[in-house]
Amino acid sequence: MTSAARLPRAFYAVDAVTLARRLMGRHLVRLDADGSRRVGRVVEVEAYLGVNDQASHAFGGRRSPRNEAMYARPGTGYVYFTYGMHHCMNVVCGEEGVPAAVLLRALEPVEGLDHMRDQRPRARRDTDLCNGPGKLCAALSIDRALNGLDLCDHPYLFLEPGTPIAASRLARRPRVGLGDAGAWKDKRFCWYIRGHPCVSRP
DNA sequence: CGGCCGATCAGCT
DNA sequence: GCTGATCGGCCGA
């Protein structure tokens with residue numbers, strides 16, 4: 001355990017590129033009914049910049065019940081269901097009413113690995129528990145019921161300061177899995193820890 | 001290890 | 001109807 005203080009609202013009230021860098025090394029904490037903790041250290045993220053970003057769910061100002069959380073205040077969690085079977089979690093940033101967010105793509109398991117393994121029975125190695133956006137949501141039992149949650153004031157899901165990451169270990173590359181996102185698909189808006197075994201594409 | 005493919009469904013055209 | 005901010009099984013090298 002590294003820290004008990006959850007990150008404040010101001011931490012999230014920045015643009016998506018800044019928040020992407022800031023989130024690296026932080027701890028995503030999931031408390032359970034019995035008080036036990038599942039904790040993962042953020043090792044890979046992607047920034048989605050907003051209405052001008054062709055890869056964003058809010059491109060062109062799109063707004064629907066599905067992505068409504070992107071328009072909420074910074075520190076809100078945007079959890080959506082995709083491919084008919086997976087959930088992905090974003091952290092909303094910037095200012096309220098302006099859709100921008102950072103997708104959590106991979107975590108390094110830190111605490112509660114037994115519980116994570118229960119939720120991810122197919123994972124052969126512990127490095128496979130949270131090495132993808134759908135996998136980390138499964139490992140931490142994050143689903144649509146949590147969409148729109150306030151990470152600054154939620155009883156069992158939030159972020160803690162965690163441990164910093166040396167700048168020399170930080171790398172960036174184009175985002176993963178985008179279809180035709182025009183010029184935006186090649187922008188290097190994915191950050192990850194170079195050589196880390198828990199990133200989705202080492 | 002890399003590529004292909006099926007699962008499964010919400011949102012969009 | 002089709003596609004997707006995915007995953008895991010199966011195939012071949």
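For the numbers below, each heavy atom of this structure counts, side chains included, while hydrogens, waters and symmetry mates do not.
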> According to side-chain contact (heavy atoms from CB on, under 4.5 Å), who are the partners of A:A139, at least two apart in sequence or on a separate chain?
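Once residues adjacent in sequence are excluded, the partners of A:A139 under the side-chain contact (heavy atoms from CB on, under 4.5 Å) criterion are A:M116, A:R120, A:C130.
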> In residues 40-52 of chain A, which residues come under 4.0 Å of DNA chain C by heavy atom?
A:Y48
> For A:E44, is there an ion pair with A:R173 - N to carboxylate O distance below 4.0 angstrom?
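Here A:R173 pairs with A:E44 in a salt bridge, since their nearest N and O are under 4.0 Å apart.
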> Could you state the atom-to-atom distance from NE2 of A:H86 to P of B:dA7 in whole Å?
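Atom-to-atom, A:H86 to B:dA7, this comes out as 13 Å.
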> Between A:R37 and A:D32, is the closest basic N to carboxylate O distance under 4.0 Å?
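Salt bridge between A:D32 and A:R37, a charged N being under 4.0 Å from a carboxylate O: no.
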> Below 4.0 angstrom, N of the basic side chain to O of the carboxylate: do A:D153 and A:R6 qualify?
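Answer for the salt bridge query: no.
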> Just the rounded figure in Å: distance from C1' of C:dG4 to CD of A:Q54.
16 Å
> Step by step, work out the side-chain contact (heavy atoms from CB on, under 4.5 Å) result for A:H196 and A:E108.
CA-CA 9 Å; A:H196 197 289; A:E108 172 190 340; 2.8 Å; yes
> C:dA5, OP1 or OP2 - any side-chain N/O from A:K185 closer than 4.0 Å?
no
> Is the shortest side-chain N to carboxylate O distance from A:D126 to A:R117 below 4.0 Å?
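Salt bridge present between A:D126 and A:R117.
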> Taking 4.0 Å as the cut-off, does a side-chain nitrogen or oxygen of A:R120 come that near to OP1 or OP2 on C:dC7?
no
> Sort and list the pairs that fulfil side chain to side chain donor-acceptor pair (under 3.5 Å) and have at least one residue in residues 80-91 of chain A, not counting sequence neighbours.
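Sorted result for residues 80-91 of chain A: empty, none.
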> Go through the steps to decide whether A:L157 and A:I142 satisfy the test side-chain contact (heavy atoms from CB on, under 4.5 Å), and finish with yes or no.
CA-CA 9 Å; A:L157 187 63; A:I142 295 168; 4.1 Å; yes
> Atom CZ of A:R175 to atom P of C:dG4: distance rounded to whole Å?
15 Å
> What's the CD-P distance between A:Q119 and C:dC7, to the nearest Å?
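The distance from CD of A:Q119 to P of C:dC7 comes to 16 Å, rounded to the nearest Å.
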> Show the distances under 3.5 angstrom between N or O atoms of the protein and N or O atoms of nucleotides 9-13 of chain C.
{"from": "C:dG9", "atom 1": "OP1", "to": "A:R122", "atom 2": "NE", "distance (Å)": "3.4"}
{"from": "C:dG9", "atom 1": "OP1", "to": "A:R122", "atom 2": "NH2", "distance (Å)": "2.9"}

> Mind calculating the distance between CH2 (A:W191) and P (C:dA5) to the nearest angstrom?
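Taking atom P of C:dA5 as the reference, CH2 of A:W191 is at 18 Å.
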> What is the distance from CG of A:L136 to P of C:dG8, rounded to the nearest Å?
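The answer, rounded to whole Å, is 12 Å.
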> Figure out the CZ/P separation between A:R201 and B:dG2, and round it to whole Å.
12 Å
> Determine, step by step, whether A:R105 and A:C88 satisfy the side-chain contact (heavy atoms from CB on, under 4.5 Å) criterion, reporting the C-alpha distance in whole Å, the side-chain angles of both residues, the deciding distance to 0.1 Å, and the verdict.
CA-CA 8 Å; A:R105 281 199 57 86; A:C88 293; over 6 Å; no
> Measure centre to centre between the rings of A:Y156 and A:H154, then say whether the value is under 6.0 Å.
yes
> Nearest whole angstrom, please: distance from the C1' of C:dG4 to the CG of A:L103.
13 Å
> Does the structure place the NZ or CZ of A:R175 under 6.0 Å from the centre of the six-membered ring of A:F189, at an angle of no more than 45° from the ring's axis?
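Not flagged: A:R175 not positioned over aromatic ring of A:F189.
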> With a 4.0 Å cut-off, would you call A:R73 and A:D150 a salt bridge?
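A salt bridge links A:R73 with A:D150.
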> Is there a continuous path of hydrophobic side-chain contacts, each under 4.5 Å between heavy atoms, that joins A:Y78 to A:L49?
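Cluster IDs for A:Y78 and A:L49 differ.
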> Convert the base pairs of DNA chain B into dot-bracket notation, remembering that pairs crossing earlier ones are written with [ ] and that bases paired across to another strand are shown as |; include only Watson-Crick or G-U pairs under 3.5 Å.
|||||||.||||.
> Between A:E68 and A:R63, does at least one N-O distance fall below 4.0 Å, as a salt bridge requires?
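Yes.
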> Going 5' to 3' along nucleotides 8-13 of chain B, which nucleotides have protein heavy atoms under 4.0 Å from the base (write B), which only from the sugar-phosphate (write S), and which from neither (write -)?
BBSSS-
